[in-house]
Amino acid sequence: MQHLSEQEILRRENLQKIRELGIDPYPAGMFDITATAAHIKETYEEGATGFENVQLAGRLMMVRDMGKACFAELQDSSGRIQIYVRRDDICPGEDKSLFDEVFKKLLDIGDFIGVQGFVFRTRMGETTVHVQQLTVLSKALRNLPIVKTDAEGNVHDAFTDPEQRYRMRYVDLIVNGQVKDVFLKRSRIISVMRRFFDDKGWLEVETPILQPIHGGALARPFKTFHNTLDMPLFMRIANELYLKRLIVGGFDGVYEIGKMFRNEGMDRTHNPEFTSMEIYVAYKDYEWMMEMVEQCIETIAREVNGDTKTQVGEQVIEFAGPYRRLSMFDAIREHTGIDISEMDEAALREVCKNFHIEVDASMGKGKLIDEIFGEKVEKHLIQPTYITDYPLEMTPLAKKHRSKPGLVERFELFVNGKEIANAYSELNDPIDQRERFAEQLRLSERGDLEAMSLDEDFLRALEYGMPPTSGLGIGIDRLAMLLTNQHAIQEVLFFPQMRPEKP
RNA sequence: GAUCCCGUAGCUCAGCCGGUAGAGCACUUGACUUUUAAUCAAGGAGUCAUGGGUUCGAAUCCCAUCGGGAUCACCA
């Protein structure tokens, strides 16, 4: 049995009394809406036509009771608008119960109502709907947190506890308007990106989430089981190998926006499931891809924020291209003064030691370079910067560099000290690819849980021939964090992963 | 996984050198037919996260557990 608070009991009693008055608190029929709060507030002028008879619906969010008349605030999907409810207008006859009983006593904050009336401006200058008819649309049985903003713009009693906001995102969205704006922007980021790719003729596709072999990235997977096939399956950590199979199959450009799953730590920049966009375009290389990414992100920033500049924490980020390009070795030299490009493993270990970077015996040359980069460079890359030409050991799916031995044609895009995109000239030499997988297998045997598995069918696909191709992955959640100036991934996911509420 | 902080009314928080709970908003009752954090008067509301312990007595001190946050490690 559910424990009910005093206020919850009252609302249930009010629900019953509404029924006793012959009013259905959950009517089945539709309610015609001819206007929204935002539209009325934006377009209404004194004496304008078209506002004599409007119908709108939403939640009752605040009531200022003046006796025989009330001002209230109605919140619909577009925002809030003041409504004016006068007893003798909604109850023109002898029976005043709709006003005195239903509206003033039995309706509560959070209830859905529909109103019909005309728009006017009060002497305080507030655009207001003068209600002539009021319809109960849905009764709420729990009371919402009341967030108020005073004349100076100070917010009082904000619903701020992250745990409650994430667990009850529906409440968060109702009472915290700025939260809704973040998610509207997130949605817009994805739709602008999709249109950008579609306009270029690339095909949006869907590839398996349940995979027998988890390939395409270095990460620990979630494992599950299919009963009929009687075999284990993995939740995908990446879709790269499937998208490349489609390039083999003859598509010039394919992309997928979808969830990936990684069984690793959770914190304010990692959720076990996250959204990535991966795209593969035939006959292109990573240099071409850098230009494409600049255009794409600049377009998104402009369309989402109305400006290519975005405030992110203390920084103002300029998303208009071209972005600075810096090889990994040059980046390390710039931030440490040390040229590591000719160093062997022992010399790199010495560099790490001098910088007090923790290393272990299993780390090879590539990993050591990556550690130095992560420790000394990454956090300084505030404005969008491409880091190019990575050590081969860390990147088993990228093509060897056309002119620099030991490196691959890869770039990552860093913004505000975080990686948000990763791209290669894709490895399409099936024999080289088989050797790279073999190397991963050796790492796995040494105990590296993140090493990539060998995918025999993917190799078979490459053996049929894949055109030169450039591929790119963008972390959508992180891009959304940047463009909405949010410091936690939980703020750009409707329902971030949480432990169960009760044991 | 490690360390630190937090969990008291629907919401935001106070109380924490131990003496069985307070404020504002919300809620209830009443007044007010252009108010806007409406106002005014009166009132009700809490297994103080959970379970143990110390004590005559625990929201308060101690231990454990659960949940969350921050920092670190791993990673996108």
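Note on naming: letters A, B, ... go to the chains in the order of the sequence lines (proteins, then strands), and numbering restarts at 1 for each one. Note that the coordinates shown come from a computational prediction; the quantities given were computed from them, not determined experimentally.
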Trainee: Is the number of heavy atoms from other residues, nucleotides or ligands under 6.0 Å of A/Glu20 CD greater than 12?
Mentor: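 Yes, because the 6.0 Å sphere around CD of A/Glu20 holds more than 12 heavy atoms from other groups.
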
Trainee: If we take the C1' atom in both B/U34 and B/U39, what is their distance in whole Å?
Mentor: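 My reading of the C1' atoms in B/U34 and B/U39 gives 14 Å.
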
Trainee: If you measure from the C1' atom in B/G46 to the same atom in B/G52, how many Å do you get, rounded?
Mentor: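 These two C1' atoms come out 23 Å apart once rounded.
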
Trainee: At under 4.0 Å between heavy atoms, what does A/Ile420 touch on the DNA or RNA strands: base, sugar-phosphate, or nothing?
Mentor: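 Contact class for A/Ile420: none.
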
Trainee: Describe the nucleic acid contact of A/Glu126 in one word from base, sugar-phosphate, nothing, applying a heavy-atom distance below 4.0 Å.
Mentor: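 Counting heavy atoms under 4.0 Å across all strands, the contact made by A/Glu126 includes a base.
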
Trainee: Which sits closer to the 5' end of RNA chain B, A/Glu375 or A/His130, going by the nucleotide each is nearest to?
Mentor: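 The 5'-side residue here is A/His130.
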
Trainee: Can you check the A/Asp108 CG to B/C27 P distance for me, whole Å?
Mentor: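 These atoms are roughly 8 Å apart.
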
Trainee: Taking the P atom in each of B/G24 and B/A41, what is the distance between them to the nearest angstrom?
Mentor: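 The same atom, P, in both gives a distance of 11 Å.
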
Trainee: Taking atom P in both B/C5 and B/C17, what distance in whole Å separates the two?
Mentor: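 The answer is 16 Å between these two P atoms.
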
Trainee: Quiz question: going by heavy-atom distance under 3.5 Å, is there a donor-acceptor pair between the base of B/U35 and the side chain of A/Gln82?
Mentor: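 Pair found.
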
Trainee: Ignoring hydrogens and angles, answer whether the base of B/U33 and the side-chain atoms of A/Arg86 contain a donor-acceptor pair closer than 3.5 Å.
Mentor: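 Such a pair exists between side chain and base.
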
Trainee: Distance between the C1' atoms of B/A45 and B/G57, in whole angstroms?
Mentor: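 Taking atom C1' in both B/A45 and B/G57, they lie 26 Å apart.
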
Trainee: Please state the C1' separation for the pair B/C16 and B/C61 - nearest whole angstrom.
Mentor: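 10 Å, rounded to whole Å.
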
Trainee: Could a donor-acceptor pair under 3.5 angstrom be found where the side chain of A/Asp65 meets the base of B/C32?
Mentor: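 Checked by distance alone, the answer is yes.
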
Trainee: When the C1' atoms of B/A21 and B/A64 are compared, how many Å lie between them, rounded to an integer?
Mentor: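 Rounded to whole Å, the distance is 26 Å.
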
Trainee: Would you call the rings of A/Phe437 and A/Phe458 parallel, tilted or perpendicular, where under 30° means parallel and over 60° means perpendicular?
Mentor: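 Because their plane-to-plane angle is over 60°, the rings of A/Phe437 and A/Phe458 count as perpendicular.
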
Trainee: Which part of the nucleic acid does A/Arg123 contact within heavy-atom distance under 4.0 Å: base, sugar-phosphate only, or nothing?
Mentor: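 Base: the residue A/Arg123, judged by heavy atoms under 4.0 Å, touches a nucleobase.
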
Trainee: Would one find more than 12 heavy atoms of other residues, nucleotides or ligands at under 6.0 Å from atom CD of A/Gln16?
Mentor: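 Above 12, so yes.
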
Trainee: Send over the distance from A/Lys104 NZ to B/C32 C1', rounded to a whole Å.
Mentor: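 Computing the A/Lys104:NZ to B/C32:C1' distance gives 8 Å.
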
Trainee: Checking all strands, does A/Arg167 fall into the base, sugar-phosphate, or nothing category for heavy-atom contacts under 4.0 angstrom?
Mentor: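 The answer is sugar-phosphate, as A/Arg167 gets under 4.0 Å only of primed atoms, P, OP1 or OP2.
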
Trainee: A/Met498 near the nucleic acid: base, sugar-phosphate alone, or nothing, with a heavy-atom cut-off under 4.0 Å?
Mentor: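 Contact class for A/Met498: sugar-phosphate only.
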
Trainee: Between A/Tyr323 and A/Tyr386, how do the two ring planes meet: parallel, tilted or perpendicular, split at 30° and 60°?
Mentor: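 Tilted, since the angle between the ring planes falls between 30° and 60°.
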
Trainee: Side-chain N or O of A/Arg64 versus OP1/OP2 of B/U35: is the shortest distance under 4.0 Å?
Mentor: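 No, outside the criterion.
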
Trainee: Assign A/Lys367 to base, sugar-phosphate, or nothing according to its heavy-atom contacts below 4.0 angstrom with the strands shown.
Mentor: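 Sugar-phosphate: the residue A/Lys367, judged by heavy atoms under 4.0 Å, touches backbone atoms but no base.
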
Trainee: How would you label the contact of A/Ala217 with the nucleic acid (heavy atoms, under 4.0 Å): base, sugar-phosphate, or nothing?
Mentor: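 Here A/Ala217 touches no strand at all.
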
Trainee: Quiz question: going by heavy-atom distance under 3.5 Å, is there a donor-acceptor pair between the base of B/G24 and the side chain of A/Asp157?
Mentor: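 A donor-acceptor contact between them is present.
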
Trainee: Between the side-chain atoms of A/Gln7 and the base atoms of B/A26, is any donor-acceptor pair under 3.5 Å?
Mentor: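 Answer yes: a donor N or O sits under 3.5 Å from an acceptor.
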
Trainee: With a 4.0 Å cut-off on heavy atoms, is A/Asn154 in touch with a base, just the backbone sugar-phosphate, or nothing at all?
Mentor: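 Nothing, no nucleic acid heavy atom in range.
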
Trainee: Can you pull out every salt bridge (Lys or Arg N to Asp or Glu O under 4.0 Å) where at least one residue sits in residues 35-47 of chain A? Sequence neighbours excluded, please.
Mentor: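 For residues 35-47 of chain A, and leaving out neighbouring residues, there are no salt bridge (Lys or Arg N to Asp or Glu O under 4.0 Å) pairs at all.
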
Trainee: If I pick the P atom on B/A38 and the same atom on B/U65, what distance separates them, to the nearest angstrom?
Mentor: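 Straight-line distance between the two P atoms is 46 Å.
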
Trainee: Would you check if the distance from the ring center of A/Phe414 to the ring center of A/Phe373 is below 6.0 Å?
Mentor: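 Ring centres of A/Phe373 and A/Phe414 closer than 6.0 Å.
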
Trainee: Tell me what A/Phe274 touches on the nucleic acid: a base, only sugar-phosphate, or nothing, going by heavy atoms under 4.0 Å.
Mentor: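 Base contact - A/Phe274 has a heavy atom under 4.0 Å of at least one base atom.
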
Trainee: Considering heavy-atom distances to RNA chain B, does A/Thr128 or A/Asn271 have its closest nucleotide positioned more toward the 5' end?
Mentor: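 On the 5' side of the pair lies A/Thr128.
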
Trainee: Hey, does A/Thr160 reach any base, or is it just sugar-phosphate, or nothing, if we go heavy atoms under 4.0 Å?
Mentor: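 The answer is sugar-phosphate, as A/Thr160 gets under 4.0 Å only of primed atoms, P, OP1 or OP2.
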
Trainee: Could you label the plane-to-plane angle of the A/Phe118 and A/His130 rings as parallel, tilted or perpendicular, counting under 30° as parallel and over 60° as perpendicular?
Mentor: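 Parallel: the ring planes of A/Phe118 and A/His130 meet at under 30°.
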
